[in-house]
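None of the values given here were measured: they were computed from a predicted structure. As a basis for the values below, the full set of heavy atoms in this structure was taken, side chains included, without hydrogen atoms, waters or symmetry mates.
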Amino acid sequence: MASDERMKEFKFKGRTADTFRERRTEEGVQLRKAKREERAMKKRNIDLEQPEQPVVSLETETAELLQLCTQLQVQDYSVISQSIVRLREMFARAVDPPIAAACEHGCVPVIVQLLQYHDFPDVQFEAAWCLTNITSSESAHVQAVIDAGALIPLVALLSSRHLDAKDQAAWALGNIAGDCEAFRDQVLAAGALMPLIKIISKESRDDIIRNANWTLSNLCRGKKPKVDFESIAPALTVMHRMLYSEDEQLLIDTCWALAFISQGPPQQVERIIQAGVVGQLVRLIMHTKFAIVTPALRALGNLSCGNDRQTQILLNNQLLPAIKSLLTCHKEPIRKEACWIVSNVLAGTHAQIKEVMRANIIPDLVARVHDGAFKTRREAAWALCNMCVSGTGDQVEWLAGQQVVPALAELLAMDDNKLIGVLLDGLSRLLEVGYQGPSQPNAYHDLFEECGAIDKIEAVLSHPDPKLYEIANHVVERYFQWSDDVEAEMPEPAQDASGQLFQFGTPAAGAHIPGSPFPGYSI
């Protein structure tokens with residue numbers, strides 16, 4: 001058998017477990033692009049008790065809008081109050097609210113001015129409600145609200161003594177932050193974070209806490225660019241607290257917030273781990289509501305992309321038993337992300353790989369390669385290849401006995417160049433472990449031949465990608481072309497004095513037979 005040191009010098013020189021963990025981090029990003037399970041980024045505050053309004057023409061409605069905006073600028077409180085309520089009713093309508101017309105005809109700055117009416121909190125509330133529904137629509141309408149100077153007065157309203165006005169301001173800011181990364185950063189720059197944290201920590205009304213927590217989640221959202229971690233880090237303490245809430249909506253939004261900010265370098269992962277969230281996140285992936293399981297699992301997957309010590313903290317919090325149960329979940333996206341997390345662990349240390357073996361997860365991964373959606377099969381295969389590449393010779397020897405070769409070979413025909421490269425890496429490492437020199441068949445030759453893996457690897461020689469051709473050609477030449485040379489040079493069998501053939505290749509007592517477990521090696 002090839003030693004681990006010689007293997008490093010041969011094919012995988014310079015390709016450490018960290019290299020494979022980095023590749024899995026990139027894959028983690030790709031996993032998220034196809035489907036978004038996140039909660040809606042924006043919410044409208046529709047008045048369900050409002051009586052149905054008669055249908056009027058666009059011209060008539062626009063005329064009413066302009067008249068209301070004029071009335072909002074008088075000095076009579078009763079006129080202002082009645083006008084802003086009517087305007088709110090128009091914007092809160094379920095069908096075709098006149099939001100575009102309001103932005104086009106300059107109503108937004110007039111509404112924003114009403115946020116400054118500190119002696120009239122009911123007017124502030126109605127104005128904030130109007131802005132909530134305006135910001136629930138197109139980005140151009142959100143931009144109109146920002147251009148009208150709404151951010152600073154909305155943030156100030158978060159500290160109002162009047163709970164309804166405070167609640168509506170949080171809702172409007174959540175819609176603005178959820179529109180795009182640029183608006184998110186402007187809300188943070190306006191100072192929204194600390195008042196939101198105070199609301200979540202101090203308020204007693206559940207609906208206000210939910211809205212503030214949802215807005216906090218939107219402040220964590222976004223990828224291009226990601227939110228500046230230092231600007232959101234003060235919220236880690238309250239996030240930790242919310243993870244223990246019995247309110248399902250608070251759990252959903254808090255888990256998404258952690259999922260958003262946990263995708264980062266090891267220093268960032270460390271801060272999140274130090275906040276004490278890991279244990280509860282592991283417990284939450286066992287929750288009965290998949291709306292909670294999904295973001296909790298996403299957060300743990302991101303944290304598992306950290307360094308080996310950080311991954312070990314996840315394992316110390318009983319991550320693997322929880323993940324094992326999810327590998328057989330009836331929800332395909334859950335199985336896929338569970339495979340992704342195991343893949344990250346299998347890119348870690350030899351001790352961590354041994355923990356996965358002891359948790360009896362490998363048979364589940366092999367099963368996932370054979371069934372389900374392609375993305376799940378891909379993740380399961382990638383996990384097994386990570387073990388091939390990162391494991392010791394003993395561990396790879398053990399893996400070869402788990403039906404992994406036919407499972408990996410099955411996917412070589414898929415139209416996915418990156419996956420084919422990973423599969424060839426994994427299968428090549430298996431063959432390197434079974435390598436017995438140029439004059440001996442590979443220990444796994446029969447295993448590869450019986451399941452058709454050799455034919456599938458040779459088929460890659462026709463692949464148009466020159467890199468894949470090069471890898472496949474190397475595998476074929478090094479591991480599957482021993483027989484012709486050996487047969488040409490094979491001497492006649494030797495006989496003893498009685499004419500009996502000598503039995504070459506019979507293992508001596510105590511010798512290790514390739515393909516069998518190493519003496520004394522256990523999981």
Counting only heavy atoms from other residues, nucleotides and ligands, does the tally under 6.0 Å from CG of D247 exceed 12?
yes
Around atom CG of D415, are there more than 12 heavy atoms from other residues, nucleotides or ligands closer than 6.0 Å?
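Counting other residues, nucleotides and ligands, CG of D415 stays at 12 neighbours or fewer.
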Check whether [X] reaches the backbone of [Y] with its side chain - one donor and one acceptor, N or O, closer than 3.5 Å.
| X | Y | answer |
| --- | --- | --- |
| Q73 | V110 | no |
| N302 | A259 | yes |
| N218 | G174 | yes |
| K166 | S160 | yes |
| T254 | M242 | no |
| T376 | G372 | no |
| Q168 | W129 | no |
| S81 | S78 | no |
| T135 | T132 | yes |
| T294 | A291 | no |

Apply the test side chain to side chain donor-acceptor pair (under 3.5 Å) to residues Q124 and H162: give CA-CA distance (whole Å), side-chain angles for both, the deciding distance (0.1 Å), then the verdict.
CA-CA 10 Å; Q124 290 179 306; H162 301 279; over 6 Å; no
Would you say that [X] contacts [Y] through its side chain, given a criterion of any heavy-atom pair below 4.5 Å between the two side chains?
| X | Y | value |
| --- | --- | --- |
| I353 | S390 | yes |
| W171 | W214 | yes |
| L193 | I197 | yes |
| R184 | P225 | yes |
| V277 | L236 | no |
| R309 | E270 | yes |
| L424 | L412 | yes |
| I362 | M387 | yes |

[atom1]/[X] to [atom2]/[Y] distance, rounded to the nearest 0.5 angstrom?
| X | Y | atom1 | atom2 | value |
| --- | --- | --- | --- | --- |
| R221 | I261 | CZ | CD1 | 13.0 Å |
| I334 | C339 | CD1 | SG | 11.5 Å |
| L319 | E355 | CG | CD | 10.0 Å |
| I420 | D425 | CD1 | CG | 12.0 Å |
| Q310 | C305 | CD | SG | 10.5 Å |
| L408 | Q403 | CG | CD | 11.5 Å |

Assess whether side-chain contact (heavy atoms from CB on, under 4.5 Å) is satisfied between L314 and I341, documenting all intermediate values.
CA-CA 11 Å; L314 271 63; I341 290 178; 5.7 Å; no
Can a salt bridge be assigned to the pair [X] and [Y] using a cut-off of 4.0 Å between side-chain N and carboxylate O?
| X | Y | answer |
| --- | --- | --- |
| K226 | E181 | no |
| E230 | R271 | yes |
| R88 | E126 | yes |
| K467 | D465 | no |
| E64 | R86 | yes |
| E61 | R93 | yes |

Compare every heavy atom of [Y] with every heavy atom of [X], then report the nearest pair and how far apart it is.
| X | Y | result |
| --- | --- | --- |
| C69 | C107 | SG-SG, 2.6 Å |
| L423 | C385 | CA-SG, 3.7 Å |
| K456 | A409 | CD-O, 3.2 Å |
| L411 | R377 | CD2-NH2, 3.3 Å |
| A150 | L115 | O-CD1, 4.3 Å |
| A381 | V369 | N-CG2, 3.6 Å |

So I273 and V269, side-chain contact (heavy atoms from CB on, under 4.5 Å) or not? Walk me through it.
CA-CA 6 Å; I273 289 175; V269 169; 3.7 Å; yes
Acceptor/donor pairs from residues 320-329 side chains to any protein atom, 3.5 angstrom cut, sequence neighbours excluded:
from, atom 1, to, atom 2, distance (Å)
K324, NZ, N360, O, 3.0
K324, NZ, D364, OD2, 2.6
S325, OG, A322, O, 2.7
T328, OG1, S325, O, 3.3

What verdict does the side-chain contact (heavy atoms from CB on, under 4.5 Å) test give for I99 and F91, after you've listed the backbone C-alpha separation in whole Å, the side-chain angles of each residue and the deciding distance to 0.1 Å?
CA-CA 6 Å; I99 292 173; F91 293 148; 4.1 Å; yes
Quick one, S139 with D179, criterion side chain to side chain donor-acceptor pair (under 3.5 Å). Give me CA distance, side-chain angles, the key distance, then yes/no.
CA-CA 7 Å; S139 293; D179 187 90; 2.7 Å; yes
Is a side-chain donor-acceptor pair under 3.5 Å present for S136 with N175?
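On atom types as modelled, these side chains do not qualify, holding no pair under 3.5 Å.
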Residues two or more places apart in sequence or in another chain: which of them pass side-chain hydrogen bond (donor to acceptor under 3.5 Å, both in side chains) with N317?
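N317 satisfies side-chain hydrogen bond (donor to acceptor under 3.5 Å, both in side chains) with no other residue.
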Using the six-membered ring wherever Trp is involved, compare the ring planes of Y77 and F120 and label them parallel, tilted or perpendicular (cut-offs 30° and 60°).
parallel
I would like to know whether L219 and L196 meet side-chain contact (heavy atoms from CB on, under 4.5 Å); could you show each step before the answer?
CA-CA 11 Å; L219 289 175; L196 287 170; 3.6 Å; yes
Could you go through E379 and R368, starting from their C-alpha distance and side-chain angles, then the distance that decides it, and tell me whether this counts as salt bridge (Lys or Arg N to Asp or Glu O under 4.0 Å)?
CA-CA 9 Å; E379 289 306 313; R368 296 293 75 76; over 6 Å; no
Please test Q312 against N316 for side chain to side chain donor-acceptor pair (under 3.5 Å), starting from the C-alpha separation and ending with a verdict.
CA-CA 6 Å; Q312 189 60 46; N316 293 346; 3.0 Å; yes
Going through the checks in order, is the side chain to side chain donor-acceptor pair (under 3.5 Å) test met by N211 and D167?
CA-CA 7 Å; N211 264 343; D167 181 39; 2.8 Å; yes
